[in-house]
Amino acid sequence: MEKINFSTPSGFPEFLPGEKRLEQHLMDTIRRVYESYGFTPIETPAVERLEVLQAKGNQGDNIIYGLQPMLPPNRQAERDEAGKGDTGTEARALKFDQTVPLAAYIARHLNDLNFPFARYQMDLVFRGERAKDGRYRQFRQCDIDVVGRKELSLLYDAQMPAIIAEIFSQINVGEFLIRINNRKVLTGFFSSLGVSPDRIKTCINIIDTLEKVGVAKVLAALATQELSPEQAQQTIDFISIKGDVDRVLTALNEFAAKLNDADQFKLGIAELATVINGVRNLGVPESQYCIDLSIARGLDYYTGTVYETTLIGHEALGSICSGGRYEELVGTFIGESMPGVGISIGLTRLIYRLLKANILQPLAPTPTQVMVLNLQEDLMPIYLQVSQQLRQTGIKVATAFDKRSLKKQFALADKQGIIFCVVIGEEEAANKQCILKNMTSGEQVVVSIDNLAAEVKQRLA
RNA sequence: GCGAGCGUCGCCUAGUGGUUAUGGCAGAGGUUUGUGGUGCCUCCACUCGCGGGUUCGAAUCCCGUCGUUCGCCCCA
């Protein structure tokens with residue numbers, strides 16, 4: 001008999017109960033914050049037409065998971081025989097993010113939605129990349145986006161860091177830093193230098209590598225992109241601007257004054273200033289955000305504000321939340337200007353890394369708080385009744401249906417981290433009483449069944 | 001997509017030409033069944049990803065294949 005390889009395919013994660021419960025707990029927190037800003041949930045399919053997913057820019061060629069119907073081997077053989085292997089079905093693929101599908105969704109439901117349209121989604125997305133250490137082919141992203149018709153206030157851009165800050169504060173992951181930039185600042189800067197539009201993206205990618213490869217290599221790389229040595233040096237000076245947000249904005253304005261044809265650059269700076277001002281007015285502590293001129297990447301469709309978030313002291317973990325403004329994405333489907341701005345928390349990666357770094361721990365493998373043990377089969381009616389009575393007060397209860405030794409039942413409860421066991425035997429039943437045992441302390445008390453729920457609640461508090 | 005490595009029980013692991021293929025974890029049962037987290041005992045791979053080859057003999061050597069890991073690239 002042939003062995004079946006039943007391990008998960010590389011890059012497709014699965015969770016043990018305690019890990020999944022942690023994920024749900026985090027999703028609850030995220031959802032609560034998203035909804036507190038008025039974002040609404042929607043659903044889009046996991047699969048879209050390939051042309052939709054590729055509508056804006058080439059998404060790196062290799063990251064989209066294509067989809068094709070698969071027949072059972074015998075039927076496929078028949079079909080191949082008949083020479084009808086390809087029926088010309090249109091190409092479809094799994095979504096690799098939730099922003100492009102959102103754009104299509106808006107185009108489909110234009111008449112049913114109100115604008116600015118603010119939605120959140122916490123779905124699985126798929127990327128056909130090499131899986132490695134916290135990088136998966138299937139992962140959950142918790143997205144929020146706002147899309148406007150014709151125009152969208154920059155205060156929505158300012159709201160994003162406030163939302164991120166609130167979430168990360170609530171889930172208790174330690175210090176974090178939201179790095180904010182604006183793509184117009186970058187593209188404007190290079191276009192002021194006279195770099196042709198098709199080379200600007202390459203230049204941006206080059207400066208992004210500064211921290212990794214050092215100044216010398218960046219200068220050399222810029223030289224290959226039609227930049228004079230002075231311009232290359234100017235570029236280094238530009239992206240080296242650091243400090244608190246006001247200082248950076250001042251420095252940028254000084255820089256702009258020295259450049260010709262700096263309209264785009266100045267527009268970027270003005271947008272950035274508006275966003276930063278909004279973030280400040282929303283009360284986000286200065287220590288939690290900064291302007292970082294080197295962040296630029298993300299997917300092709302970003303045109304304005306961009307964000308990346310890292311954990312302080314765990315920068316190697318990479319960005320755990322990023323996003324930005326895209327002004328031409330939705331419009332590509334309906335030929336109308338519909339700017340949007342959004343962010344995405346890479347929840348799967350976040351959980352994996354926080355667990356590994358011991359910043360978060362899995363929850364108990366079961367939500368069960370009380371286990372009603374099965375001492376005598378004939379007392380089952382009482383067990384069921386007691387269980388229901390507890391549940392009605394909001395306590396999470398499991399009843400032991402299997403007849404096993406008490407020893408086993410206690411061991412099982414213990415192993416699952418269940419806090420209380422309720423034991424009812426003949427004697428207790430006769431007196432309308434039960435034994436309530438705390439599995440952590442080992443302490444056990446006799447209480448009347450009528451008071452059981454109150455007793456449990458008091459001890460859980 | 002390119003370069004390098006690895007594949008022994010559910011998980012980790014010993015084993016590098018001849019062993020009934022180690023050991024641990026997890027799991028099942030027991031330790032005289034109304035009390036768990038410790039101890040002790042028993043059980044748990046006719047087989048070393050799969051296919052072929054070399055050999056008297058292969059988990060161990062060779063070829064292929066599949067899977068997987070690490071680097072580059074890209075990103076959450």
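Note that these values count all heavy atoms, side chains included, but never hydrogens, waters or copies made by symmetry. Chain A is the first sequence line, chain B the second, and so forth, proteins listed ahead of strands; every chain is numbered from 1.
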Is [X] touching bases, backbone alone, or none of the nucleic acid, heavy atoms closer than 4.0 Å?
{"X": "A/Gln376", "answer": "nothing"}
{"X": "A/Ser441", "answer": "nothing"}
{"X": "A/Phe6", "answer": "sugar-phosphate"}
{"X": "A/Gln98", "answer": "nothing"}
{"X": "A/Ile435", "answer": "base"}

Taking only the side-chain heavy atoms of [X] (C-beta and beyond), determine which of [options] contains the nearest atom.
{"X": "A/Lys415", "options": "B/G34, B/G27, B/U68", "value": "B/G27"}
{"X": "A/Val423", "options": "B/G36, B/G34, B/G67", "value": "B/G34"}
{"X": "A/Arg404", "options": "B/G34, B/A28, B/A76", "value": "B/A28"}
{"X": "A/Pro9", "options": "B/U68, B/G67, B/A76", "value": "B/U68"}
{"X": "A/Leu375", "options": "B/G34, B/G37, B/G67", "value": "B/G34"}
{"X": "A/Lys408", "options": "B/A76, B/U35, B/G30", "value": "B/G30"}

Gap between atoms [atom1] and [atom2], on [X] and [N] respectively (whole Å):
{"X": "A/Phe420", "N": "B/G37", "atom1": "CZ", "atom2": "P", "answer": "20 Å"}
{"X": "A/Arg135", "N": "B/C73", "atom1": "CZ", "atom2": "P", "answer": "11 Å"}
{"X": "A/Phe410", "N": "B/U33", "atom1": "CZ", "atom2": "P", "answer": "15 Å"}
{"X": "A/Leu412", "N": "B/A28", "atom1": "CG", "atom2": "P", "answer": "9 Å"}
{"X": "A/Asp97", "N": "B/C75", "atom1": "CG", "atom2": "C1'", "answer": "11 Å"}
{"X": "A/Ile30", "N": "B/A76", "atom1": "CD1", "atom2": "P", "answer": "16 Å"}
{"X": "A/Lys407", "N": "B/A28", "atom1": "NZ", "atom2": "P", "answer": "15 Å"}
{"X": "A/Tyr302", "N": "B/C75", "atom1": "OH", "atom2": "P", "answer": "11 Å"}

Report yes if a donor N or O on one partner sits less than 3.5 Å from an acceptor N or O on the other, where the partners are the side chain of [X] and the base of [N]; otherwise report no.
{"X": "A/Glu426", "N": "B/G34", "value": "no"}
{"X": "A/Lys437", "N": "B/U35", "value": "yes"}
{"X": "A/Arg127", "N": "B/C74", "value": "no"}
{"X": "A/Gln409", "N": "B/U35", "value": "no"}

Between A/Tyr136 and A/Tyr352, is the ring centre distance below 6.0 Å?
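Yes, they do, as the ring centres are separated by less than 6.0 Å.
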
Would you measure the distance from the [atom1] atom in [N] across to the matching atom in [M] and give it in whole Å?
{"N": "B/G49", "M": "B/G15", "atom1": "P", "value": "16 Å"}
{"N": "B/C66", "M": "B/U22", "atom1": "P", "value": "33 Å"}
{"N": "B/U42", "M": "B/G23", "atom1": "P", "value": "12 Å"}
{"N": "B/C48", "M": "B/C61", "atom1": "P", "value": "15 Å"}
{"N": "B/C46", "M": "B/U33", "atom1": "C1'", "value": "37 Å"}
{"N": "B/A59", "M": "B/G3", "atom1": "C1'", "value": "28 Å"}
{"N": "B/U68", "M": "B/G24", "atom1": "P", "value": "31 Å"}
{"N": "B/C74", "M": "B/U65", "atom1": "P", "value": "30 Å"}

Is there side-chain contact between A/Val52 and A/Phe333, with at least one heavy-atom pair below 4.5 Å?
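SC-SC contact between A/Val52 and A/Phe333 confirmed.
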
If we ignore hydrogens and angles and just use 3.5 Å, is the side chain of A/Gln98 paired with the main-chain N or O of A/Ser344 as donor and acceptor?
no

Residues A/Arg119, A/Asp145: salt bridge by 4.0 Å N-O rule
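A/Asp145 and A/Arg119: salt-bridged.
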
Pair A/Glu19 + A/Arg21: basic N to acidic O under 4.0 Å:
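No, this pair does not count.
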
Determine which nucleotide pairs with [N], using a 3.5 Å limit on both distances of a Watson-Crick or G-U wobble pair.
{"N": "B/G71", "value": "B/C2"}
{"N": "B/G7", "value": "B/C66"}
{"N": "B/U60", "value": "none"}
{"N": "B/U55", "value": "none"}
{"N": "B/A45", "value": "none"}

Relative to each other, are the rings of A/Tyr105 and A/Phe117 parallel, tilted or perpendicular (30° and 60° limits)?
parallel

Earlier contact from the 5' end, RNA chain B, for A/Ser7 and A/Arg349
A/Ser7

Rounded to the nearest 0.5 Å, what separation is found between the CD1 atom of A/Ile30 and the CD atom of A/Glu23?
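It comes to 9.0 Å.
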
Say you draw a straight line from CG of A/Asp414 to CD1 of A/Ile419; how long is it, rounded to the nearest 0.5 Å?
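Result: 12.0 Å between the selected atoms.
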
Is any side-chain nitrogen or oxygen of A/Ser10 closer than 4.0 Å to OP1 or OP2 of B/U69?
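Result: yes.
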
